[in-house]
Amino acid sequence: MNIRKITAIAAAAAVLALSAACGEPEKSPNSVPTAENATMPTYSSDVTAAADGPKLMFSNVEAAAGETAEVSLIVSGAAKNWTMCGLHITFGEDLECVMDDPAEGFIEYDLGPASKRATISVGMLWRQNLPEELTKNHLGCLFFTETFDGDDGGDGEIVKFYFKVPEKAKSGTVYPIGIYYMPPDDIRSDMFRNSADDLSLEKYAFENWVGGSITVK
């Protein structure tokens, strides 16, 4: 595997641990998703977005109080044209992200068909020192990253995450799922890249993603 990719994945896996140790990160001009996904992140770059490109979206699901909801991250328009992603994914803070290794902060997730050729994947919960943009909007955050050996990323479901709905959640409550975009000038920067590092496609992806939700039955 390309050494650059290995280094990028290793750095991504360390991001949340560093955030917890270094205090509250500097504020950045990120958009916070709502249930209706009314706002989109501003990509701080001089790069012009492609006319068309990868479309990232989250599923809208229902779950009863106390149940575990399954939320999918889906991509279209990117088959055989992406090699790496790194995404900060937000969710209603009252939801409990299902963990694989709570002590180390690794979350439970399952890769979908779009990720069948992935060589490495990491999912971690951001547990401490979340930015004010998230805390004031009552959002939690996880980080997911994966890489491929070449442009082997596919279309369809990238990954499925699991969230337990509070036992006392009221019927009709909607918990938003979205992306908290970290720009390229931030150590925790998000990415959706192909092997040519075509930033016009990445910019399109981060300016056109569609949020999802968990609605309590």
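Side chains included, hydrogens not; waters and symmetry mates left out as well; all remaining heavy atoms used.
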Do you know which two heavy atoms are closest between M191 and L87, and how far apart they sit? O-CD2, 4.1 Å
Do M99 and L125 come within less than 4.5 Å of each other through their side chains, counting heavy atoms only? yes
Does the ring center of Y162 lie less than 6.0 Å from the ring center of Y109? no
To the nearest 0.5 Å, atom CG of N129 lies from atom CD of E132 at 13.0 Å
Stepwise, does the side-chain contact (heavy atoms from CB on, under 4.5 Å) test hold for T145 with C85? CA-CA 5 Å; T145 183; C85 72; 5.6 Å; no
For T83 and S195, which heavy atoms make the closest approach, and how far apart are they? CG2-N, 3.5 Å
Transitive ILVMFWY side-chain link L111 to V71, under 4.5 Å: yes
Taking all heavy atoms of V75 and all of G154, pick out the closest pair and write down the distance. CG1-O, 3.3 Å
Just so I know, are the side chains of F161 and I107 near enough to count as touching, which here means a heavy-atom distance under 4.5 Å? yes
Measuring only between side-chain heavy atoms, which start at C-beta, is Y180 closer than 4.5 Å to L134? yes
Can any side-chain N or O of T215 pair as donor or acceptor with the backbone N or O of T173 at less than 3.5 Å? no
Validation row: K164, L95 side chains within 4.5 angstrom (heavy atoms): no
Heavy-atom side-chain contact between F91 and S213 under 4.5 Å: no
List the atom of H88, the atom of C141, and the distance in Å for their closest heavy-atom pair. CB-SG, 3.8 Å
Test item: S171 side-chain N/O and K217 main-chain N/O as donor-acceptor pair under 3.5 Å: yes
Checking S72 against E157: is there a side-chain donor and acceptor pair closer than 3.5 Å? yes
I89 side, atom CD1; F143 side, atom CZ - distance, nearest 0.5 Å: 9.0 Å
May I ask you to check whether N81 and N194 show a side-chain donor-acceptor distance below 3.5 Å? yes
Taking all heavy atoms of E146 and all of W82, pick out the closest pair and write down the distance. OE2-CH2, 3.2 Å
Ignoring hydrogens and angles, tell me if any N or O in the side chain of S115 forms a donor-acceptor pair with the backbone of I158 under 3.5 Å. yes
Assess the pair Y181 and W209: is the distance between their ring centroids shorter than 6.0 Å? no
Should F58 and I74 be marked as a side-chain contact (heavy atoms from CB on, under 4.5 Å) after you check the CA-CA gap, both sets of side-chain angles, and the distance that decides it? CA-CA 6 Å; F58 296 90; I74 302 160; over 6 Å; no
Please examine the side chains of L56 and V210, heavy atoms only from C-beta on, and report whether any two atoms are closer than 4.5 Å. no
Give, for atom OG1 of T147 and atom CE of M84, the distance between the pair rounded to the nearest 0.5 Å. 4.0 Å
Does a donor on one side chain sit under 3.5 Å from an acceptor on the other, for D52 and Y204? yes
How about R117 and K80: do any of their side-chain heavy atoms sit closer than 4.5 Å? yes
Nearest heavy-atom contact between E202 and D190 is OE2-O, 4.2 Å
Could you measure the distance from the CG atom of L139 to the OG1 atom of T90? Nearest 0.5 Å is fine. 5.0 Å
4.5 Å side-chain heavy-atom contact, F163 and I214: yes
Rounding to 0.5 Å, atoms CZ (F148) and NZ (K116) come to a distance of 11.0 Å
Distance only, no hydrogens: is a donor on one side chain within 3.5 Å (strictly under) of an acceptor on the other, for T119 and D149? no
Under 3.5 Å donor-acceptor, D155 side chain and G77 backbone: yes
CA sep, side-chain torsions, deciding dist, call: F192, F206, ring pair (Phe, Tyr, Trp, His ring centres under 6.0 Å): CA-CA 8 Å; F192 195 90; F206 285 119; 7.4 Å; no
To the nearest 0.5 Å, atom CD1 of I177 lies from atom CE of M57 at 13.0 Å
